[in-house]
Amino acid sequence: MDKLAFAGLILGLFSVASGYTLHGGLLSTLFDLPALVIVLGGTFGAVIFQTPLPQFTVGIKMLGWVFKAQYVPLNATVERLINWGTAARTNGFLSLEAEALQETDPFLHNALNLLVDGVEPAILQDALDAELTLERERLLRSARIYEAMGGYSPTIGIIGAVLGLIQAMQNIDKPELLGHGIATAFVATVYGVGFANLVFIPISNKLKSIVIQRTLYQELIVEGVVSIANGENPRVIERKLAAYRVG
């Protein structure tokens, strides 16, 4: 569990709510079901309309990453690559076949298989770079659906406010109802801006940072495996991969 993500979300919501109540506002006035339906329904509808189904599906699955602590084993992978480089230099690439079969990470599994199969280093790098780039772009496109939600949400909130004002103006001859209706109408604007800046845009940025972190991990693998394929000295490999170490 990513405690920092939870803390950030709670702090943001609490700050807005407490600031409102400090000015004498009642939290109950911020709860309006029709406004919530307009903002969330309209926002999701607009994003679904513009997004291909596979991309939208991946984006929804990625949502779980926001509150799940992401561990990328950079240091451990550096050590593994150095050990594999030593083994390959001593006993040949086929000595890594067992490692390739047992590896659970799809990208690393594919990289090791190509290495064991004796693929030329240049072709090996091209293949892994292409896989890395396509995967990164696929995930980034899916993460951007939340950025799109952050763009549509405030505008949909304004639409909800205008619709609320139209309804409120029907009670223009009843001042007590008119004032309440106008106040309720602006709740939709609060929802639109609030969801955009406290939820949707932060989710998008968090997912992008996770994708970048995953890409760094895959770049480490490419660098290490290609170095092994070139038959480089394990000490040279260690120096090349030192920049990827954390801490």
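Heads up: numbering here begins at 1 and tracks the sequence. Predicted model only: the values in this text are computed from it and were never measured.
Sorted by first and then second residue, the pairs that involve residues 186-213 and meet salt bridge (Lys or Arg N to Asp or Glu O under 4.0 Å), not counting sequence neighbours, are Asp2-Lys206, Glu147-Lys208. The salt bridge (Lys or Arg N to Asp or Glu O under 4.0 Å) analysis of residues 93-117, with sequence neighbours excluded, yields the pairs Arg80-Glu103.
Remark: Arg239 pairs with no residue by the salt bridge (charged side-chain N to carboxylate O under 4.0 Å, His left out) rule, at least two apart or across chains. Applying the salt bridge (charged side-chain N to carboxylate O under 4.0 Å, His left out) rule to Glu219 yields no partners; only residues at least two apart in sequence or on another chain are considered. Every residue two or more places apart in sequence or in another chain that forms a side-chain contact (heavy atoms from CB on, under 4.5 Å) with Leu220 is listed here: Leu74, Thr77, Val78, Leu81, Leu241, Tyr244. Under the salt bridge (charged side-chain N to carboxylate O under 4.0 Å, His left out) criterion, Glu232 pairs with Lys240, not counting sequence neighbours. Here Phe56 pairs with nothing under the ring pair (Phe, Tyr, Trp, His ring centres under 6.0 Å) rule; sequence neighbours left out. Residues that satisfy the side-chain contact (heavy atoms from CB on, under 4.5 Å) test with Ile212, not counting sequence neighbours, are absent from this structure. Partners of Asn113 under the side-chain hydrogen bond (donor to acceptor under 3.5 Å, both in side chains) rule, at least two apart in sequence or in another chain, are His109.
Other members of a hydrophobic cluster containing Phe14 are absent, since no ILVMFWY side chain comes under 4.5 Å of it, directly or through relayed contacts. Apart from Val37 itself, the hydrophobic cluster it occupies contains Leu33, where clustering links Ile, Leu, Val, Met, Phe, Trp and Tyr at side-chain heavy-atom distances under 4.5 Å.
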Under 3.5 Å, sequence neighbours excluded: what are the donor-acceptor pairs made by side chains of residues 187-196?
{"from": "Tyr191", "atom 1": "OH", "to": "Leu30", "atom 2": "O", "distance (Å)": "2.4"}
{"from": "Tyr191", "atom 1": "OH", "to": "Asp32", "atom 2": "N", "distance (Å)": "3.0"}

